[in-house]
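To keep things clear, I will list the structure first and then write my remarks on it.
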Protein chains: 2
Amino acid sequence: MGLTKTDNFTTEQNELAAFAKALGHPARVAIIEYLSSQASCVCGSIVDAIPLAQATVSQHLKELKNAGLIQGNIEGNSICYCLNPEKWKKFKQMLEPTFTHIEQPVCC
Amino acid sequence: MGLTKTDNFTTEQNELAAFAKALGHPARVAIIEYLSSQASCVCGSIVDAIPLAQATVSQHLKELKNAGLIQGNIEGNSICYCLNPEKWKKFKQMLEPTFTHIEQPVCC
DNA sequence: TTGTCTTATTGCAATATTACGATAAAGAAC
DNA sequence: GTTCTTTATCGTAATATTGCAATAAGACAA
């Protein structure tokens, strides 16, 4: 098959899965960490910072953008990619119940 | 290709990506939410709670276990799957810098 | 216009993921 | 012993992902 049955799950579950999936590749983790360090947000500098070909980095940026975790703004001749605070807040909020739950004693 | 070049990234980046990837499917999100609700941790009840075939749920449980997000304990005739607090704390800790960063004003 | 710089897209090959039926494996109950 | 219950694994087909070279598309400069 290879096709996720999204219909069987709630919109929220699908959205959380989409956030997590977007972050589920080391190159995309590296991009997010780079943007979190506020070193720069120009696309070209991201490409330089990630040890993959330009086409591949562009593809990863597209996936992060599709998931909503980053947004791109045209900045003169280049593009500035930044974190999308709204989506990250939602991501954090969705993980909160589990982060809280693990503070309880384990059940078995 | 289809093969992630993990060598190009740090161990931490790969570990965070592995956590996120494990959570990157609505069925696995549903499993984690179910375990967070502490309703039950018996494998059979998870299978009943997830609208997929038993074999498929077992496969998803295996992936969550491989990533370390859950752990299985033999409980008589069945298996009790629980969240692994250590790993979840690490997951949370790894996301913290970005969660903090988005509180800053956006750069562009 | 021509050239240059920056980013996106296309096309392809290799590999991974998802899903399920069928079956196996291991223990409990009888 | 046999049978039932529970969970894991195998085999498979369909689809998705990863990576890169090549190329396209867009904006700006001269």
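We use all heavy atoms of the structure for the numbers below, so side chains are in, but hydrogens, waters and symmetry mates are not. Just so it is clear: chains get the letters A, B, ... in the order the sequence lines come, proteins before strands, and each one is counted from 1. Quick caveat: nothing in here was measured; it's all calculated off a predicted structure.
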Sugar-phosphate, base or nothing in reach of A/Ser78, heavy atoms under 4.0 Å: sugar-phosphate
Inter-residue atom distance A/Lys87.NZ - B/Ile102.CD1, 0.5 Å rounding: 13.0 Å
Euclidean distance, atom CD1 of residue A/Ile79 to atom P of D/dG26 [Å, nearest integer]: 12 Å
Distance, rounded to the nearest Å, where A/Asn66 contributes CG and D/dA16 contributes P: 14 Å
Contact under 4.0 Å: B/His60 side-chain N or O vs C/dT17 OP1/OP2: no
Distance-only donor-acceptor test, A/Gln59 side-chain atoms vs C/dA8 base atoms, 3.5 Å: no
A/Asp48 side, atom CG; A/Gln54 side, atom CD - distance, nearest 0.5 Å: 10.5 Å
Between D/dC28 (C1') and A/Glu75 (CD): distance, integer Å: 15 Å
Sugar-phosphate, base or nothing in reach of A/Gln54, heavy atoms under 4.0 Å: base
Whole angstrom value for the distance that separates P of D/dA30 from CG of A/Asn77: 12 Å
Under 3.5 Å donor-acceptor, A/Asn84 side chain and A/Gln71 backbone: no
With sequence neighbours excluded, residues passing side-chain contact (heavy atoms from CB on, under 4.5 Å) with B/Thr98: A/Ile32, A/Ser36, A/Leu83, A/Trp88
First of A/Lys5 and A/Ala55 reached from the 5' end of DNA chain C, by closest nucleotide: A/Ala55
A/Lys89, NZ: over 12 other non-hydrogen atoms inside 6.0 angstrom: yes
B/Arg28 and its side chain to side chain contact (heavy atoms under 4.5 Å, CB included) partner, picked from B/Val57, B/Leu64, B/Ile70: B/Leu64
Stretch residues 9-26 of chain A: residues that reach within less than 4.0 Å of DNA chain D through a heavy atom: A/Lys21, A/His25
Proximal nucleotide (of C/dA8, D/dT7, D/dT15) relative to the A/Leu3 side chain: D/dT15
A/Ala27 or B/Lys65, whichever maps to the more 5' nucleotide of DNA chain D: B/Lys65
Residue-phosphate contact under 4.0 Å: A/Tyr81 side-chain N/O, C/dT6 OP1/OP2: no
Between CD1 on residue B/Ile50 and NE2 on residue B/His60, distance to nearest 0.5 Å: 9.0 Å
Sugar-phosphate only, base, or nothing, as touched by B/Thr4 at under 4.0 Å among non-hydrogen atoms: sugar-phosphate
Nucleotide nearest A/Lys62 when distance is taken to its side chain, options C/dT9, C/dT18, D/dA8: C/dT9
Listed nucleotide nearest any side-chain atom of B/Leu52, set C/dA19, D/dT7, D/dT5: C/dA19
B/Ala53 side chain, from C-beta outward: closest of C/dG21, C/dA28, D/dT7: C/dG21
5'-most by nearest nucleotide on DNA chain C - A/Asn8 or A/Thr56: A/Thr56
Return all side-chain donor-acceptor pairs below 3.5 angstrom for residues 15-27 of chain A, not counting sequence neighbours, or 'none' if the list is empty.
| from | atom 1 | to | atom 2 | distance (Å) |
| --- | --- | --- | --- | --- |
| A/Glu15 | OE1 | A/Lys90 | NZ | 3.1 |
| A/His25 | ND1 | A/Ala27 | N | 3.0 |
| A/His25 | NE2 | B/Thr4 | OG1 | 3.3 |

Length of the CZ-P vector between A/Arg28 and D/dA16, whole Å: 15 Å
